[in-house]
Amino acid sequence: MAKIRLPYDRESIRRILIQTVSVSKCRNGSLRYWLSVGPGDFQLSPSGCHQTALYAVVIQGESSFNQKGVKVVTSSIPMKPPQFATVKSVNYLPNVLSKMEAEENGAFAAIWLDSDGFIAEGPNMNVGFVTKERELVMPCFDKILSGCTAKRVLALAEVLVREGKLQGIKVRNVSLDEGKRSEEMMLIGSGVLVCPVLQWDEQIIGDGKEGPVALALLNLIVEDMQSGPPTVRVLVPY
């Protein structure tokens, strides 16, 4: 969508990223990477930028995840329109303002509602709910970013269905009232994995304690990162 020309083919980019992690010697952290139109004349049009740039940064020690629940608030910052919200970009000013708004109100994150009043997402994570019917529900991805972690959690949640801990899994519209009345609420993303939400605005979620489904999903995603199938893990040749 951004019309940035790839500097290499996808397989070459993949190889560069793996080599970057290998050279860093980092075994507990994260890899962030992005494309830019590259150096240029600082004008709006990228026509003055003649060489696309690929950036990759290895960040040490970002892989400790807290099982303790958090508070969230409803964001008053307008969310991005779907055309931009569904694209992974560095257009993050609304996200930054939303996060700052949450912190100013003693919360961990602020949750966006879409133009129809349905629950959308957090500043850099998706949200999920466990209904009173024991269904795992996530908002539709048509107006928000379809996070990789959220999609993986949806797949792993099938384990809990087979074990009888969940009755089903759905991706559908979720109203604000339904979300606040849910048995469990959780934030889902690469920075938090699965983080239980105990309070939204003034409403206590469920019994106000970390829910069993959220904790089970956190354990599943951590196990998946450590020993999941080759389709979701990349071996780094240190």
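Quantities reported herein were computed from a predicted structural model and do not represent experimental measurements. For reference, positions follow the sequence shown, starting with 1.
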- Query: Can you get from Met125 to Trp200 by hopping between Ile, Leu, Val, Met, Phe, Trp and Tyr side chains that sit under 4.5 Å apart?
  - Reply: yes

- Query: In terms of heavy-atom contacts, does CD of Gln203 have more than 12 from other residues, nucleotides or ligands at under 6.0 Å?
  - Reply: yes

- Message: If you compare all heavy atoms of Glu135 against all heavy atoms of Leu166, which two are closest, and at what distance to 0.1 Å?
- Response: C-CD2, 4.3 Å

- Glu101: partners by salt bridge (charged side-chain N to carboxylate O under 4.0 Å, His left out), with sequence neighbours left out: none

- Message: I need the Leu54 CG to Tyr8 OH distance, nearest 0.5 Å.
- Response: 6.5 Å

- Query: Listed by chain and number, what are the side chain to side chain contact (heavy atoms under 4.5 Å, CB included) partners of Lys71, not counting sequence neighbours?
  - Reply: Val73, Ala107, Gln199

- Task: State whether the side chain of Ser22 and the backbone N or O of Pro237 hold a donor-acceptor pair below 3.5 Å, judged by distance alone.
- Result: yes

- Tell me, do Trp34 and Lys88 make a side-chain contact under 4.5 Å, heavy atoms counted? no

- Item | Trp112: which of Ser76, Ser75, Pro78 passes side-chain contact (heavy atoms from CB on, under 4.5 Å) | Ser75

- N/O donor-acceptor pair under 3.5 Å between Asp116 side chain and Phe118 backbone: no

- Using the side-chain contact (heavy atoms from CB on, under 4.5 Å) rule, take Tyr55 and Ser36 through it: C-alpha gap first, then chi angles, then the decisive distance, then the call. CA-CA 8 Å; Tyr55 298 90; Ser36 164; 3.6 Å; yes

- Task: Quick one: do Ile119 and Leu113 satisfy side-chain contact (heavy atoms from CB on, under 4.5 Å)? Show the steps, please.
- Result: CA-CA 5 Å; Ile119 297 168; Leu113 305 180; 4.0 Å; yes

- Item | Flag side-chain contact, heavy atom, 4.5 Å: Pro229 against Asp224 | yes

- Query: Quick one: do Arg172 and Glu178 make a salt bridge, cutoff under 4.0 Å?
  - Reply: yes

- Derivation of the side-chain contact (heavy atoms from CB on, under 4.5 Å) call for Leu160 and Leu220: CA-CA 10 Å; Leu160 302 186; Leu220 284 171; 4.0 Å; yes

- Locate the shortest heavy-atom distance separating Leu145 from Val87; write the atom from each residue and the value. CD1-C, 3.9 Å

- Message: Using 0.5 Å steps for rounding, measure from the CG atom of Leu35 to the CD1 atom of Ile13.
- Response: 5.5 Å

- Query: Is it true that Tyr33 and Val58 fall in one hydrophobic cluster, defined by side-chain heavy atoms closer than 4.5 Å?
  - Reply: yes

- Query: Are Leu154 and Met185 grouped together when hydrophobic residues (ILVMFWY) are joined by side-chain heavy atoms under 4.5 angstrom apart?
  - Reply: no

- Item | Interatomic spacing from OG in Ser24 to CD1 in Ile59 - rounded to 0.5 Å | 11.0 Å

- Query: Which heavy atom of Phe108 sits nearest a heavy atom of Lys99, and at what distance?
  - Reply: O-NZ, 2.6 Å

- Query: Are Val161 and Met186 joined in one hydrophobic group, where the rule is that I, L, V, M, F, W and Y side chains link up if heavy atoms are under 4.5 Å apart?
  - Reply: yes

- Task: Report the C-alpha distance between Leu217 and Leu136 in whole Å, list the side-chain angles of each, state the deciding distance to 0.1 Å, and finish with yes or no for side-chain contact (heavy atoms from CB on, under 4.5 Å).
- Result: CA-CA 11 Å; Leu217 290 172; Leu136 175 66; 4.2 Å; yes

- Of the non-hydrogen atoms in Val37 and Cys49, which two are nearest, and what is the gap between them? O-CB, 3.4 Å

- Note on the structure: Here the pair of heavy atoms bringing Arg181 nearest to Lys132 is O-NZ, 3.2 Å

- Item | Beyond-backbone contact of Phe141 with Asn126, side-chain heavy atoms, under 4.5 angstrom | yes

- Message: Tell me whether Arg233 contacts the main-chain N or O of Gly228 through its side chain, where contact means a donor paired with an acceptor under 3.5 Å.
- Response: yes

- Who pairs with Asp201 by salt bridge (charged side-chain N to carboxylate O under 4.0 Å, His left out), at least two apart in sequence or on another chain? Lys180

- Item | Polar side-chain atom of Ser98 near backbone of Pro94 as donor-acceptor pair, under 3.5 Å | no

- Message: Hydrophobic clustering (ILVMFWY, side-chain heavy atoms < 4.5 Å, transitive) - are Val130 and Leu215 grouped together?
- Response: no

- Message: With a 6.0 Å cut-off (strictly less than), is the heavy-atom count around OH of Tyr238, excluding the residue itself, greater than 12?
- Response: yes

- Item | Any donor-acceptor N/O pair, Glu184 side chain to Ala214 backbone, under 3.5 Å | yes

- Item | Glu202 atom CD: more than 12 heavy-atom contacts under 6.0 Å | no

- Roughly how far, to the nearest 0.5 Å, is the NZ atom of Lys68 from the CG atom of Leu198? 9.0 Å

- Task: Mind checking the CE-CG spacing from Met79 to Asn95? Nearest 0.5 Å is all I need.
- Result: 9.5 Å

- Query: What pair of heavy atoms forms the shortest contact from Asn219 to Gln67, and how long is it?
  - Reply: OD1-NE2, 3.9 Å

- Message: So, applying side-chain contact (heavy atoms from CB on, under 4.5 Å) with Ile111, which one of Leu176, Val127, Thr74, Val197 is it?
- Response: Val127

- Separation of Arg27 CZ from Gln60 CD (nearest 0.5 Å): 11.0 Å

- Item | Thr131 vs Lys170 side-chain heavy atoms within contact, under 4.5 Å | no

